Amino acid sequence: MLQRIDLRGRKLTRNELNAVLPRAEVDIDRALDVVGPILEAVRQRGAVELRDLAEKFDGVRPEHLRVPQAALDRAEAELAPELREAIELSIEHNRIGHEAQVPVEKSTQIVPGGVVHQRWIPVRRVGLYVPGGLAVYPSSVVHNVVAAQVAGVEAIALTSPPQKEFGGLPHPTILAACKLLGITEVYAVGGAQAIGMFAYGAAGEPGTSDDDVLCEPTDVVTGPGNIYVAAAKRAVHGVVGIDAEAGTTEIGIIADADANPAYVAADMLSQAEHDPAAASVLFTDSVEFADAMERELIAQTETTKHSARVKTALSGPQSGIVLTDDLAHSITVANAYGAEHLEIHTANAAQDARQITNAGAIFVGPYTPVPLGDYMAGSNHVLPTGGTARFASGLNVTAFIKSVQEIEYTYEAMASMYGPLRAIADDEDLPAHGDALQVRIEAEEN
């Protein structure tokens with residue numbers, strides 16, 4: 001089922017590892033070519049284009065691009081009690097976890113009378129994307145919204161693709177989660193066009209339920225999606241801020257000979273059921289464990305609900321078993337891979353986790369499977385994929401706040417800096433920089 005990549009006895013560089021490790025075959029340039037015209041059409045034609053694109057890609061022409069309040073109320077009222085309780089628990093845990101991320105403002109005296117205040121200011125308005133497609137993701141509503149709310153964002157808009165079976169509205173569970181979180185600005189728009197709507201805003205369509213301005217532009221856009229959503233986020237980055245190019249899900253697992261093969265197989269499968277392009281990769285120095293895990297994986301795949309989807313994901317080029325020389329080699333290779341989710345199933349999992357430098361999120365020990373992070377752990381599941389964990393972080397409150405330094409110097413503190421500042425300014429041939437201090441000193445002396 002899974003391809004095997006044998007790295008034993010091979011001392012490869014980071015570039016060489018990247019060339020041989022399992023990866024999804026992603027052509028972001030082709031996706032950019034596709035989304036470019038979509039983004040421009042949304043920018044020019046607003047709601048009219050959004051309805052045309054929904055008809056083309058989602059098979060339905062929504063009557064309401066902005067979801068009516070009555071639909072949100074109805075979705076919450078019809079939510080099954082046990083699901084409501086679960087979503088509320090997820091909200092509670094995520095709020096606790098994200099509150100721990102809020103930076104503390106600090107004032108630092110640089111010199112007597114010279115102070116730099118470190119401030120953190122939330123952006124005014126954000127657009128949050130929740131995917132549709134093969135699954136329903138109220139969890140993505142929770143993870144996007146809670147992070148923005150804890151950051152102190154004033155205006156939060158959320159969008160999810162229209163569903164034909166629900167009359168052109170997003171899935172009712174998505175709407176119910178929005179209502180539980182107090183989000184009232186919700187749109188039935190999906191794909192790259194949703195990113196364009198948030199980046200550029202969208203004019204309303206005459207003769208419809210839309211307002212003159214359907215959606216105002218946002219300052220930041222976050223949320224996972226397919227390659228076209230990721231490409232659209234790349235294309236508008238600079239017009240708006242983005243969290244990361246979060247594409248199809250992936251899991252990496254470091255396991256030693258004593259790991260439980262049934263646990264590891266279940267976790268590989270749990271990510272494979274997301275999408276036929278999902279990636280599941282095992283790093284191990286034990287051939288015996290790899291064999292045992294694969295036997296478990298085959299058995300579990302036969303009985304799981306989405307067996308066909310799982311088999312496609314596990315047999316694709318993005319999934320596999322990577323054989324290594326030892327645990328240290330597994331860690332090196334896993335750092336080169338930079339998994340979205342990385343589980344550690346080793347004898348000293350907590351200690352080994354501290355050696356991981358590239359991962360979206362790290363799940364430590366046999367009782368911390370990735371699904372905990374997807375729903376209830378209190379961490380965020382919107383994470384960097386495709387190796388971008390080398391430089392990108394998972395979604396957190398800092399995606400929605402700006403770091404601003406506020407500088408305040410007295411006359412005496414400023415004057416004490418004149419000599420050194422003048423030396424640098426003159427060396428850079430920017431004498432007016434020094435003059436800006438000199439004019440103040442001369443004014444005070446006179």
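What you see is a predicted model; the values in this text were computed from it and never measured. All heavy atoms count here, side chains included; hydrogens, waters and symmetry mates do not.
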| Residue pair Y409 / M414: nearest heavy atoms and the distance that separates them |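 Scanning both residues completely, I find the closest heavy atoms to be CD2-N, 3.9 Å.
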| How close do P138 and A177 get, heavy atom to heavy atom, and via which atoms? |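 Closest approach of P138 to A177: CB-CB, 4.2 Å.
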For [X], look at atom [atom1] and say whether over 12 heavy atoms of other residues, nucleotides or ligands are found less than 6.0 Å away.
X: H433; atom1: NE2; answer: no
X: R354; atom1: CZ; answer: no
X: Y263; atom1: OH; answer: no
X: E105; atom1: CD; answer: yes
X: Y367; atom1: OH; answer: no
X: E16; atom1: CD; answer: yes

Any side-chain heavy-atom pair from [X] and [Y] closer than 4.5 angstrom?
X: V67; Y: T184; answer: no
X: T248; Y: T385; answer: no
X: I253; Y: I251; answer: yes
X: T173; Y: I87; answer: yes
X: Q193; Y: F57; answer: yes
X: H345; Y: N260; answer: no
X: L158; Y: V145; answer: yes
X: E294; Y: L282; answer: no

| query | Taking 4.0 angstrom as the limit, do E205 and R51 come out as a salt bridge? | reply |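 A salt bridge is present here (some side-chain N lies under 4.0 Å from a carboxylate O).
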Straight-line distance of [X] [atom1] to [Y] [atom2], nearest 0.5 Å:
X: H381; Y: Y137; atom1: NE2; atom2: OH; result: 8.5 Å
X: T301; Y: L314; atom1: OG1; atom2: CG; result: 5.5 Å
X: I28; Y: D33; atom1: CD1; atom2: CG; result: 10.5 Å
X: Q149; Y: E99; atom1: CD; atom2: CD; result: 10.5 Å
X: E185; Y: R125; atom1: CD; atom2: CZ; result: 4.0 Å
X: N380; Y: N94; atom1: CG; atom2: CG; result: 6.5 Å

| field | Qualifying ring-ring contact (aromatic ring centres under 6.0 Å, His included) pairs with a residue from residues 182-208, counting only residues at least two apart or across chains | value |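 Pairs touching residues 182-208 that pass the test: none.
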Indicate whether any N or O donor in one side chain lies under 3.5 Å from an N or O acceptor in the other, for [X] and [Y].
X: N144; Y: T222; answer: yes
X: E250; Y: S280; answer: no
X: T13; Y: N15; answer: no
X: T346; Y: D352; answer: yes
X: H341; Y: E343; answer: no

| request: Would you confirm whether the ring centroid of F166 sits within less than 6.0 angstrom of the ring centroid of H171? | output: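 They qualify: ring centres under 6.0 Å apart.
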Is a side-chain N or O of [X] found less than 3.5 angstrom from the main chain of [Y], in a donor-acceptor match?
X: R119; Y: Q405; result: no
X: K233; Y: G223; result: yes
X: Q300; Y: A262; result: yes

Under 3.5 Å, sequence neighbours excluded: what are the donor-acceptor pairs made by side chains of residues 264-271?
unit_1: S270; atom_1: OG; unit_2: D267; atom_2: O; d: 2.8
unit_1: Q271; atom_1: OE1; unit_2: T249; atom_2: OG1; d: 3.0

| request: May I have the step-by-step check of salt bridge (Lys or Arg N to Asp or Glu O under 4.0 Å) for E302 and K311, ending in yes or no? | output: CA-CA 9 Å; E302 292 302 324; K311 288 178 180 178; 3.1 Å; yes
| Going through the distances and angles, do V189 and L65 end up as a side chain to side chain contact (heavy atoms under 4.5 Å, CB included)? | CA-CA 7 Å; V189 181; L65 289 172; 4.1 Å; yes
| field | Results of salt bridge (Lys or Arg N to Asp or Glu O under 4.0 Å) for E245 - residues two or more places apart only | value |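 Expected list: R234.
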| task | Kindly write out the residues that satisfy salt bridge (Lys or Arg N to Asp or Glu O under 4.0 Å) with R390, not counting sequence neighbours, or none if the list is empty. | result |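 Partners of R390 by the salt bridge (Lys or Arg N to Asp or Glu O under 4.0 Å) criterion come out as none, since no residue qualifies.
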| If you look only at pairs with a residue in residues 68-78, which of them pass as a salt bridge (Lys or Arg N to Asp or Glu O under 4.0 Å), with sequence neighbours excluded? |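 Residue pairs with at least one partner in residues 68-78: D73-K179, E76-R84, E76-K179.
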| said: F400: which residues meet the ring pair (Phe, Tyr, Trp, His ring centres under 6.0 Å) condition with it, sequence neighbours left out? | reply: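 Ring pair (Phe, Tyr, Trp, His ring centres under 6.0 Å) list for F400, sorted by chain: empty.
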